[in-house]
Every structure is written in C-alpha cells, then in structure tokens.
There are 2 protein chains.
Amino acid sequence: MATTLRIVEVEKLKNACSACSLHELCLPAGLSAAELQSVDQLIDRRRSVKRGDYLFRSGAALHSLYAIRSGFIKSCVLHEDGREQVAGFHMMGDLMGLDAIGTNQHLCDAVALEDSEVCEIPLKELEGMSRNIPSLQQHFHRIMSQEIARDYGVMLLLGSMRAEERLAAFLLNLSQRFSARGYSATEFHLRMTREEIGSYLGLKLETVSRTLSRFQAQGLIAVQNKHLRILSLDNLRELVSHHSCRS
Amino acid sequence: MATTLRIVEVEKLKNACSACSLHELCLPAGLSAAELQSVDQLIDRRRSVKRGDYLFRSGAALHSLYAIRSGFIKSCVLHEDGREQVAGFHMMGDLMGLDAIGTNQHLCDAVALEDSEVCEIPLKELEGMSRNIPSLQQHFHRIMSQEIARDYGVMLLLGSMRAEERLAAFLLNLSQRFSARGYSATEFHLRMTREEIGSYLGLKLETVSRTLSRFQAQGLIAVQNKHLRILSLDNLRELVSHHSCRS
DNA sequence: ATTGAAGTTTGACGCAGATCAAAACGGGGG
DNA sequence: CCCCCGTTTTGATCTGCGTCAAACTTCAAT
C-alpha cells in the first residue's frame, strides 16, 4: 500500500517541471519556484513515442500540447493530394501542437525521428492556470509568437534563398539550437534523412546531398552519413547572408 | 463645454468594438455583449495610415497589436543583407504584430498598400483583460494559432508548389477572404503590385505576369491591371490540388 | 495637357535545381 | 556474420523559372 503510494509520488516527481532540467528552456521558463510547483500539476502524464511512431496525426482532435522532454520529432503538413512537407524539426524544450488551437484539430502529423519522451499539457488547464499566473501567460504568448517568428524565417528561406544558402541556414539553425541546449555547436547527429531535410528546405534529396558534398569539398563541414561536424561557422554564416543572387 | 464632452464620447463610441461591423471577425469574436463593452476599453485609439506609410518597422519596440479596421497592409520580413520578402497581406479584421510578442520587437515592416485605419490594442492590457474574460483569452489564442496555421500553408506553397499552383492558391485565398468579409468572391481589386505578389509567392514579377496572362488565355480569370475577375473558381481549385508534378 | 517614373507585358536565352538512373554504402534483423 | 533494404552519392540530361531587354500602359506631379 505505502509502496504503491510511494511509486505514484516518485512518478509525479519525475514528471515535475520543477525537477526537469529543461525548465529554463521550456514552458515554465522564468517562473518563480512557487509558480513552478503549480505548473507541475499541469503535466498530467508523460508519454513516450518510439522512432517512427506518431505523436499525433493531422485531423485528430486537440487535447493537449506536447513539450518535448527528449528525442527528436518532425512535423509534416499535408496537402490534400498527398504531397507532404516537413514544417519543422523539434527537439527537447520545444512545444508542439500550437497550430491546432485555432481549429481544435491538428493540422500536421508529428512523427518521432528517434525514441522520444513528451509531457502532455492539457490546453484547457494551461489556459486556466495562465489566468492566475501572469508570467506563465506571458511566456506562453511568447512561445506562440516565437513560433510565428520562426515560420517567418522559414518563409524567407523558402522564398528567397538559393539551395546553398538554405542548407547553410539550416545547419546554423541546428547548431544554434543544440548549443542552446548545452550540446556542441559544431558536432552533432542529423536525425533526419536527406529527403526530410530536402522537404523542409523545398529541395530534392539529391540537391541536399550534392550541396553537402560541395560544402565538404570546400572545407566548411565534414559529413559522414548522419554525423556532421562544422569546420567553419563563420564561412557558413557568410554564405547565408552575403551570397549574391536572387535579389 | 458640454459640446466638447459630447465629441469625446462620440469619438469613443466610434472606436468602440461594440459599434464596429467587424466585431464578429476581429479580436472580440464570440464575446457576449457585456464582454464586448469591456473590450471597448482596450482600444485606446484608432490610427490612420496613408498609402505607402509604415504602420511599424522591423526592430521597433512592440507597444500594441493592431487590428485592421479598413484598408490593406503588407508585412515584409527583411534579411540582413537587404533582401526582403512579403510575409503576408492583411485586411480588415486581421490582427497584426503577433510576431513581436516573443522579443518585444517587431520582426517585420508593416506598410499600407492603401489608406488604412487600425485600432491600437496595448498588449499588456489585452493580456490583463484576457485573464478575466476566458472567452477573450481563448479567442486570442485561436488567432495566434491561426496565424501559425496560415504560415504552415505558405510554407507548403513555397516548398512544394509550382508557379501556376502558387498563383492559383493565392487568388483563391484572396477570394475566400474577401468573401468572408462580405465582398465578391470572384471580382476584386489587387492592391499589391506584381512584384509584391511575386515576393510573397517566391516568384519573380515576370513569372507572375506571365502566369496571370496564361490563366486569362485559358479562360480562368479576366485581369486588367489590378482589376481581377475569377471566371472559374472550380478550375482554379483543380489547378491547386491536382496538378501532377513535384512529388 | 505634358512628362516622367513606376508598373506591366512579352520575348529570347541561360542556368539552378529537378529528374532519371545506377552504383555504393550502412545498419538492423535473421 | 551475412543479407537485404533503405539511404546516400554521383553522373547525365532536362526544364521551369530566372534573367536581361525592350516596348507599352498607367498614373501622379507639374
């Protein structure tokens, strides 16, 4: 009896934001210790998603937002005629499902690219709590706004950059995000295929592969399959901003 | 004395959401009459923006969100190296400035394409009020979410459609939005230049022009300068979804 | 009305990236 | 350990759209 209770408590503690190393990055960023404890009660359960499995599918009803605890998840928008496009790659600390609030239906598929863990955050309860905790409300708004800002960046990339620039911008973006999470900014594992990168960047997989090879030949990076090392962040940055064409 | 007071009151009334024909479309959509009156107090002033003028500029501090009362406004993301891209075209009932909440700085320019009027909505006060009016909070979240959903659509368009499809999707989107505002779904005025359309769609103005000409030759539309008439919504729709290529 | 600047259309041509093809690689399951 | 299938690389060729150019239209300013 006592043991069972104990397990439940430990379970809760394990799920708690206050015990999570991501709480400075994730939804509760910037909350006081007391507020953090309230937010703990939001997380009704953790869920693990195996590589290749769906976290949610386009069209499904929205119950919860999902904060990624660990792993790597892609989101794909689908066109009615079957075309699909990767809309984003998400990693720990990211919040998924924001696009579904407007219609109460998910508009994209979320597929794990590696075994992942997410925290389920029921939207209604988040809304309720954010009415009482202004800093939670603010931070939630910030997160939604940052998603919009990110999308604007992708639009710029898709609408006015050449293949080389897109790839360079993509690698720099990954680098920056890994770095913000305490990992190496210059050496990491690409968890997605060339085709998925291409889909995200509006390119074909052959173009992605060729461009990576070119970068390697130019000494900008070292790629071996999915293992990537950036040899010159500066040169990559230059590539993104300076490159002439496509006024 | 009495006259002055009177003018102030009339002024307030004119600004009031409760008297605005857009209140079913705009921020206060779905609120009760009583709630609507609270929201009236949010709108601290109206502002008019002449054609060509900036509503706000990239980098400027965020004070308020802007609800468009009338007119037509484009938003442009800028790349450090001077490239710029139209990120959206906004019309009455739309809420602008959402991308700035994350950083408290606007990330895009907003330029009026025709003389326009906007309602200024101070963010802090909106946040405060939405803590007390759950349906306002919900609707605000919905609006942000819909902006994300719209962006996903643009990403799909830019990443995986050919020029014809992009243009057709663009025209259908305008059609649908005009129609939702009580205007004709098949006949309207394009307030933006071919170059701005191109920028939004990731195409050059020549391609936009040629494609419009082709649509006209095929009997899908009638264009004369900025005046546009859609002759077959169905055929345009078919063009967007069915067209073969670019798996 | 006149003039100029900005916007639009149309044609000819070139190229970045798509498509097709085939070989090489790698890693997970028996 | 080997086999197999999905992924990646690389080459050859094709094409949609960009680029350059020139004529035309529209509209605002004088």
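Residue numbering restarts at 1 for every chain, and letters A, B, ... go by the order of the sequence lines. What you see is a predicted model, and the numbers here were worked out from it, not measured in a lab.
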Practice task
Return no unless some side-chain N or O of A:Lys226 is found under 4.0 Å from OP1 or OP2 of D:dT7.
Solution key: no
Handout entry: B:Arg57 NZ/CZ over B:Tyr54 ring centroid, <6.0 Å and within 45° of normal
Key = yes
Practice task
Report the distance from atom CG of B:Leu228 to atom C1' of C:dG7, rounded to the nearest whole Å.
Solution key: 17 Å
Handout entry: Nucleotide D:dT9, atom P - distance to CD of A:Glu195 in whole Å
Key = 13 Å
Problem - Base of C:dG17 paired with side chain of A:Arg166 (donor-acceptor, under 3.5 Å) - result: no
Practice task
Would you kindly give the CD1-to-P distance between B:Ile197 and C:dA6, to the nearest whole Å?
Solution key: 19 Å
Handout entry: Value in whole Å for how far the P atom of C:dT19 lies from CG of A:Leu205
Key = 11 Å
Completion exercise
Testing C:dG27, C:dA16, D:dT10 for proximity to the side chain of A:Arg162, the answer is C:dA16
Handout entry: Whole angstrom value for the distance that separates P of D:dC17 from CG of B:Leu212
Key = 14 Å
Handout entry: A:Ser116 side chain to A:Glu114 backbone, donor-acceptor under 3.5 Å
Key = yes
Handout entry: A:Glu206 CD to C:dG17 C1', straight-line distance once rounded to whole Å
Key = 10 Å
Exercise for the section: With salt bridge (charged side-chain N to carboxylate O under 4.0 Å, His left out) as the test, would you mind laying out the steps for B:Asp234 and B:Arg237 before giving the verdict? Expected result: CA-CA 5 Å; B:Asp234 286 343; B:Arg237 282 198 200 98; 2.9 Å; yes
Exercise for the section: Would you check if the side chain of A:Ser175 reaches a backbone N or O of A:Leu171 as a donor-acceptor pair within less than 3.5 Å? Expected result: no
Exercise for the section: Specify the separation, in whole Å, of atom CZ of A:Arg210 and atom C1' of D:dT7. Expected result: 15 Å
Problem - Phosphate contact (C:dA18 OP1 or OP2) by A:Thr207 side-chain N/O below 4.0 Å - result: yes
Handout entry: Phosphate OP1/OP2 of C:dC20: any A:Lys204 side-chain N/O under 4.0 Å
Key = no
Practice task
Mind calculating the distance between CD (B:Glu114) and P (D:dA28) to the nearest angstrom?
Solution key: 13 Å
Handout entry: Donor-acceptor pair under 3.5 Å, A:Arg194 side chain vs D:dT10 base
Key = no
Handout entry: Whichever of A:Leu203 and A:Gln224 has its nearest DNA chain C nucleotide further upstream toward 5'
Key = A:Leu203
Handout entry: Backbone of A:Glu120 reached by a side-chain donor or acceptor of A:Ser64 within 3.5 Å
Key = no
Practice task
Give one of base, sugar-phosphate or nothing for A:Ser209, where a contact means two heavy atoms less than 4.0 Å apart.
Solution key: base
Practice task
Decide yes or no, distance alone: a donor-acceptor N/O pair under 3.5 angstrom between the base of C:dT9 and the side-chain of B:Arg214.
Solution key: no
